[in-house]
Amino acid sequence: MGILLMVIRGVLMASERGRAFIVSLAACFSLISLSGCSFGEAEGEEAGRGTGVDAIDDVDGTEGSGLPLDSYFASPAQAQMLDRAQDVLKKQCMERYGFSYTPPPLPEVVPVKGVGNRYGIADPADAANFGYGGPDMATQADDPPLGEDEAAVFNGPEELDPDSLPNSQEEVDDLPASTSNANLVNGLVVPPGGCIRESFLKLYAPRAGAVDILFTQDLERESFARSRADSRVKDAASAWSACMGRSGYEVSDPMNPGRELNLAEGLSGEKATAIAVQDVECKKRANLIKIWFAVESSYQHEVIKREADTLKRAKAEHHERIRFAESLVK
């Protein structure tokens with residue numbers, strides 16, 4: 001397994017904090033990406049209408065609404081509560097080994113309007129105020145510095161093979177103590193993957209056979225890639241491109257105009273702001289956001305129907321997870 005996948009599944013997957021990064025990485029959601037996907041790329045999906053997707057007139061294509069799969073994800077407030085709960089579990093784990101652990105403060109919950117910048121910059125006020133730079137976002141503080149033994153307990157062994165890690169807390173509990181981990185700290189065996197992994201398993205995979213936390217994210221990635229390659233979205237993107245061209249900006253990708261206009265620097269400068277304002281106006285004239293939203297909504301309805309049984313389990317596990325988190329953070 002590659003280093004990047006190890007990071008995603010071993011660290012970022014371990015909390016709701018990682019979800020935005022994972023989805024961005026998987027589906028090329030970056031607004032300004034100098035080496036990202038070109039517009040219309042999809043994984044094994046031919047662009048066009050012949051995919052069984054309903055007509056977009058059947059969908060309420062408003063950018064103020066949420067996508068159908070959103071109901072299977074934690075809300076921003078729930079995501080922060082899950083992060084707090086995971087910090088409690090890390091603290092409890094560290095205390096078993098005689099170490100105190102004070103988790104860093106969580107960033108403030110930043111509400112997202114509608115689909116946000118999922119289809120490129122879309123909010124006129126953000127464009128006028130920040131250009132392509134976006135408002136300053138709070139970042140997650142670093143964990144406190146740890147001593148050698150503390151780090152061994154918190155992170156697990158340095159030479160960690162993610163393929164060898166148990167996939168559920170139930171599997172960990174069933175491991176013989178002598179083989180679950182070769183490391184002893186203060187007379188106790190360190191859990192596989194350390195307290196970070198234990199906190200994740202207890203919250204997200206307490207039992208064997210739990211739905212992979214990345215399952216719904218993979219469906220979201222699929223719907224995005226298929227909608228991006230859909231002829232209706234590509235036609236709207238062409239109309240957006242023509243509108244931008246009439247203002248002197250030769251661009252073809254509404255997701256990555258900075259790549260074509262060399263805006264790697266000064267994303268909130270005067271030039272970038274002027275382009276961003278025109279970008280949003282052209283998206284409005286081309287009806288790009290509403291069309292894209294409607295097309296992706298149709299694809300999401302399709303995958304929801306296809307994966308109904310697994311999604312039902314995922315939603316039930318999510319509700320159980322929220323109840324457990326609430327019990328931890330009270």
Side-chain angles (χ1 to χ4, degrees), residues 20 23-51 53 55-56 59 61-63 67 114-134 220-300:
V23 173
S24 297
L25 183 64
C28 308
F29 285 174
S30 173
L31 181 60
I32 300 294
S33 171
L34 299 183
S35 59
C37 305
S38 62
F39 187 76
E41 284 184 353
E43 299 179 351
E45 179 73 31
E46 272 189 39
R49 301 168 187 263
T51 58
V53 173
I56 62 174
V59 181
T62 169
E63 63 270 31
L67 287 160
V115 294
N117 289 338
R118 185 177 183 83
Y119 309 127
I121 189 169
D123 185 87
D126 283 350
N129 291 325
F130 310 109
Y132 287 105
E220 190 177 50
R221 175 192 177 193
E222 175 189 335
S223 70
F224 180 84
R226 293 172 69 186
S227 67
R228 188 182 177 99
D230 189 281
S231 61
R232 293 161 293 186
V233 173
K234 295 177 79 171
D235 287 346
S238 294
W240 166 85
S241 178
C243 174
M244 292 290 285
R246 289 192 289 272
S247 296
Y249 306 119
E250 296 301 322
V251 290
S252 60
D253 187 351
M255 291 290 298
N256 296 308
R259 178 170 55 86
E260 298 171 284
L261 297 173
N262 297 316
L263 295 178
E265 303 293 338
L267 296 180
S268 295
E270 184 176 349
K271 177 182 178 181
T273 298
I275 297 173
V277 168
Q278 186 59 41
D279 182 349
V280 173
E281 176 61 25
C282 284
K283 284 191 175 86
K284 182 178 179 181
R285 293 180 185 177
N287 207 22
L288 175 61
I289 302 300
K290 289 186 177 182
I291 290 173
W292 202 335
F293 174 91
V295 170
E296 186 172 13
S297 292
S298 292
Y299 282 113
Q300 288 200 0

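Just so it is clear, the model here is predicted, and its values are computed rather than measured.
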Within the distance-only criterion (no hydrogens, no angle test), does the side chain of Q300 pair as donor or acceptor with the backbone N or O of S223 below 3.5 angstrom? no
Looking only at atom types and distance, does a side-chain atom of K271 sit under 3.5 Å from a main-chain N or O of L263, one as donor and one as acceptor? no
I'd like to know if the side chain of S268 reaches the main chain of G131, judged simply by a donor and an acceptor atom lying under 3.5 Å from each other, with no hydrogens or angles considered. no
Closest non-hydrogen atoms of P254 and L288, given as atom of the first, atom of the second and distance, are CB-CD2, 3.6 Å
Steps toward side-chain contact (heavy atoms from CB on, under 4.5 Å) verdict (I121, K283): CA-CA 9 Å; I121 189 169; K283 284 191 175 86; 4.0 Å; yes
Specify the closest pair of heavy atoms between M255 and D253, including all atoms of both residues, with the distance to one decimal. N-OD1, 2.9 Å
Restricting to non-hydrogen atoms, name the atom on M244 and the atom on C282 that form the minimum distance, rounded to 0.1 Å. N-SG, 3.5 Å
Measure the spacing between CD1 of I289 and CG of D123 and express it to the nearest 0.5 Å. 10.5 Å
Is there a donor-acceptor pair closer than 3.5 Å between any side-chain N or O of S297 and the backbone N or O of F293? yes
Of R232, R226, R228, which is the lone residue that meets side-chain contact (heavy atoms from CB on, under 4.5 Å) with V295? R232
With a 4.5 Å cut-off on side-chain heavy atoms, are C243 and Q278 touching? yes
Heavy-atom side-chain proximity of E220 to R118 below 4.5 angstrom: yes
Taking C-beta and beyond as the side chain, do Y132 and I275 meet within less than 4.5 Å on heavy atoms? yes
Smallest separation among heavy atoms of S252 and S241, with atom names: CA-OG, 3.9 Å
Does any donor atom in the side chain of W292 or D230 lie under 3.5 Å from an acceptor atom in the other side chain? no
Measure across D279 and P257 and return the closest heavy-atom pair with its distance rounded to 0.1 Å. OD2-CG, 3.7 Å
Minimum heavy-atom separation for I291 to A236, with atom names? CD1-CB, 3.9 Å
